[in-house]
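Treat the numbers as computed from the prediction; the structure is a model and nothing was measured.
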Amino acid sequence: MMSVENEFDDKTLRERIAENPRPAMLWVAGLVVLMALELGSIAAAVLRVGSVVKFAIGGIANTPSWMAGFVSESLGSIGGTIAYGLTALALLVIAAIVVKWLFVPFSIVDRLGLELGVGKADVVERAIVTAVVGVVTLLFVATPLGAAVDAVIGALTQGLESISSLQTLTSRETIPNQGYQLPDGSWEGTWLGLSPAMAWGARVLLIYAYAFGLLAWFWRGYNVFRNHYREADWTPRDDSVNRFRNHYWGVFGFVVVFVFVVMALWAPALSPVTAEANLYSPYEHEVQYYDEEIEDVASIPHGEANLETRSVGGDSNVGLMSYDKYDRFHPAGTNQDGKDLFTFLAYGSQVSLVIGLLATGLMTLVATALALMTAYYKGLLDLLTVVVSDSIISLPRLLVVLLLSVVFMEANHPIATIYDGGLLLALIFAATGWPLLWRAVRGPALQVAEEEWVDAARSYGQSPVETMKKHMSPYIAGYMLVYASMTLGGVIIGVAALSFLGFGVQPPTPEWGRAVYEGRPYVPTSSWHTATIPGLMVVFLVTAFNALGDGIRDAIDPESDASGDEAGTSAAASGGGG
C-alpha cells in the first residue's frame, strides 16, 4: 500500500481513477442502479427544489420594486427611484460575491496582469464580477435571451414531470395497502391480498431497507476512495471516524436522526393514507368499504368517515395498530379529528426538518462568516459584533420569537403565509440564534487567525477571502458541525413549543407541537396516544440530535472529558442544545 500511495503523490484524483478505474466504476454502477429505482422520486424532488428556487429568485427580483414603493410613500418618487437603484446595486454586489466564491476559483486581477495591492485587488475583482452579473441580468431582462432560457427551463420541467410520474420501488403503488375486507375475511385492493397492516408493514420495511442500503453504499464509496484513490495512507479523519463508530451514544443519535430523515423524505410512501385524502382535502377523496347492510361495496368521503372515527376518549377511540369501521388501518391510531395520526406525524416530520435545516443553515452561514471576519480583521468589526450579539443574547429568545411571530401574523404579512408560517419561524430563529453559534466558534476562529500559516498566506499576498476560506474555515468547521447539530434540535423543540401555544405553524400544515396541544385533553382517557406519541417523538428526536452532536464532538476532540454515557446524560438534560 505504501508504494502505491507514494506513486500517487503528485497525481490528481482524476489521474488515479484513470489508472485504476474498476473500483470506481463498480461503485458508480451500483449507485446508478439505486438511483434508477427511485428515478421518479428524484425527478419530483428536483421539481420541488426548482419551484422553491424560482420562488426565491422571484422574491429577490421584486425586492427593489418593493423597497421603492415603501420609500416613495414617505419621500416621494425621487426617493423611491434612489431606493430602487441602491437596492438593485446591493443585490448585484451580493450576487457577485456568491458567484465569485462558487464559480471563479482564480484571481481575475492576476489573469488580467494588473499589479494591485491586496485590498485594491479585492475591490477591483468584486467590481468586475458585479459588472458582469449586471450585464448578464440586463441581457436576460431586455433581450430575447430571457425568453429563450424560460423556454428551455419549461421544456426541462415538462420532461421532469413526465419522469416524476414513473412508479418507483418505494412508491405507494408498488405495495398498495388501502382496501376493504369481504365477508369471507379476504381483502380486496391490497398488495397480494394481504391485510392493510401487513401490506403497510411490508412497504415500510422496503423503504427503510432501501434507505439503509443507500447509506451503506455511500459508506462503501468512502472506503473505495480511502483504499484505492486517496493519496495518504492515513489522515486524522480516519481516527475521528473510528472514534465515532465506537461512540455508542453518538451512533444511537445518528441512527435515530437517520430514521427521522427517512420518515420526512419518504412521508408520502410511509403514510397509510395520502395527505390529500387525510389532511388537506378529506371531503374530495373517498374510501371504499364493504357495507354489511346493503351487502355490497360502498364509498364514503374520508371527511365523513373521520367524523365517525375520532379518538376523543371513552368508546370513541381508534388506538394503536387498529382498524376503524371503514377498514382503514391506523398504525398510531387517529387523532381528535379522526385523521390518521401516523400520516400527520410523517408529514409533520417534513415540516420540522425543513424549518430546522433552513434556520440552522442560515444561522450557521451568518455565524461562520462573522467568526472568520472578526477573527481576521479584529478591531472595530469584532467590537460591533460583540455588542450586537450580546444585545440579542440578553433578550429572552423564546419571548422574542413569540412576539415577532405574533406581530407578523396579526399584520397578515405575506411572509407569514408561506408554508403556513414555517418560513417566518425559520427566519426568526435564524435571526435570534446566530449570536449563540458565533460565540461558540469565536474562540477557535481567533486561535487559528494567530497561526503561522495564516500569517504566511498574508505575506504571500493572498486575499483575505481566500485566506479565510482555505486556511481558517476548515479549522472551525468541526466545531460548527457540533454546535449546529445541537442547535437543530433546539429549533425543532422551539417550533413545537410555539405550535403548542398556537403561534407556530398554522393548520392545515401538520406540526408535532400542535398535535400535542390538540390532544392534551385526552391524555387521561383511552385516547392518550393523540398527544403522548407526538410528544415522545419530539423528546426522542431532540435527544438524538444532542447525542449526535456529542458523538461528533468526542470524535473530533479525542481529549474531550465527556464520555459516551456522560454525554448522553447531558444531552438528555439540555433539551435542545440552545
Side-chain angles (χ1 to χ4, degrees), residues 9-13 93-94 96-130 230-240 363-390 434-484 552-553 555-560:
D9 282 347
D10 297 328
K11 297 179 181 178
T12 64
L13 177 61
V93 171
I94 295 173
I97 294 174
V98 175
V99 169
K100 174 65 174 69
W101 181 52
L102 293 177
F103 305 109
V104 188
F106 54 87
S107 173
I108 300 176
V109 172
D110 292 342
R111 291 290 179 91
L112 295 176
L114 302 177
E115 296 183 0
L116 300 172
V118 176
K120 293 182 179 179
D122 289 340
V123 173
V124 171
E125 287 202 357
R126 291 194 180 95
I128 293 174
V129 177
T130 301
R230 193 173 66 182
E231 180 177 351
D233 290 328
W234 171 91
T235 66
R237 187 182 297 110
D238 294 339
D239 287 345
S240 298
M363 68 177 74
T364 299
L365 182 64
V366 173
T368 302
L370 287 177
L372 294 174
M373 289 189 293
T374 54
Y376 187 90
Y377 293 107
K378 302 181 180 66
L380 180 61
L381 178 61
D382 186 50
L383 178 61
L384 290 175
T385 308
V386 168
V387 171
V388 173
S389 65
D390 285 350
W434 68 262
L436 300 172
L437 286 182
W438 175 74
R439 281 286 189 180
V441 298
R442 179 172 179 260
L446 289 172
Q447 182 179 358
V448 72
E450 302 300 327
E451 295 292 344
E452 295 179 356
W453 62 79
V454 176
D455 291 335
R458 287 196 188 107
S459 64
Y460 276 99
Q462 191 172 68
S463 67
V465 175
E466 290 298 316
T467 301
M468 287 185 277
K469 183 173 68 174
K470 293 182 178 180
H471 304 296
M472 296 176 63
S473 60
Y475 184 84
I476 68 172
Y479 296 95
M480 184 59 73
L481 183 62
V482 172
Y483 292 111
I552 296 174
R553 179 198 61 203
I556 294 174
D557 183 8
E559 298 181 358
S560 176

Chi angles and distances behind the side-chain contact (heavy atoms from CB on, under 4.5 Å) call for Arg126, Val93: CA-CA 7 Å; Arg126 291 194 180 95; Val93 171; 5.7 Å; no
Which is it for Leu436 and Met363 under the side-chain contact (heavy atoms from CB on, under 4.5 Å) test, yes or no, and what are the steps along the way? CA-CA 9 Å; Leu436 300 172; Met363 68 177 74; over 6 Å; no
Hey, mind stepping through Leu372 and Ile476 against side-chain contact (heavy atoms from CB on, under 4.5 Å) and telling me if it holds? CA-CA 9 Å; Leu372 294 174; Ile476 68 172; 3.8 Å; yes
Could you walk me through whether Thr368 and Met468 pass the side-chain contact (heavy atoms from CB on, under 4.5 Å) check? CA-CA 10 Å; Thr368 302; Met468 287 185 277; over 6 Å; no
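Distance CG/Leu13 to CD/Glu231: 10.5 Å, rounded to 0.5 Å.
When side chains are defined from C-beta on, Trp438 does not count as touching Val366, because their heavy atoms never get closer than 4.5 Å. Side-chain contact check for Leu446 versus Glu450: every heavy-atom pair is 4.5 Å or farther apart. Under the 4.5 Å side-chain criterion, counting only non-hydrogen atoms from C-beta, Trp453 is in contact with Val448. With contacts defined as side-chain heavy-atom distances shorter than 4.5 Å, the pair Arg458/Tyr376 qualifies.
Of all non-hydrogen atoms in Leu437 and Ala484, the two that sit nearest each other are CD2-N, 4.1 Å. In terms of heavy atoms, Ser240 sits closest to Ile556 at OG-CA, 4.2 Å. Annotation for Ala449 and Ala375: closest pair CB-O, 3.4 Å, computed over non-hydrogen atoms. Smallest separation of non-hydrogen atoms from Ala445 and Met472: O-CE, 4.0 Å. The two residues Ala457 and Thr467 make their nearest non-hydrogen contact at CB-OG1, 3.8 Å.
Residues forming a salt bridge (Lys or Arg N to Asp or Glu O under 4.0 Å) with Asp238 (at least two apart in sequence, or on another chain): Arg226, Arg230.
Between Thr374 and the options Thr385, Val386, Leu384, a side-chain contact (heavy atoms from CB on, under 4.5 Å) holds for only Thr385.
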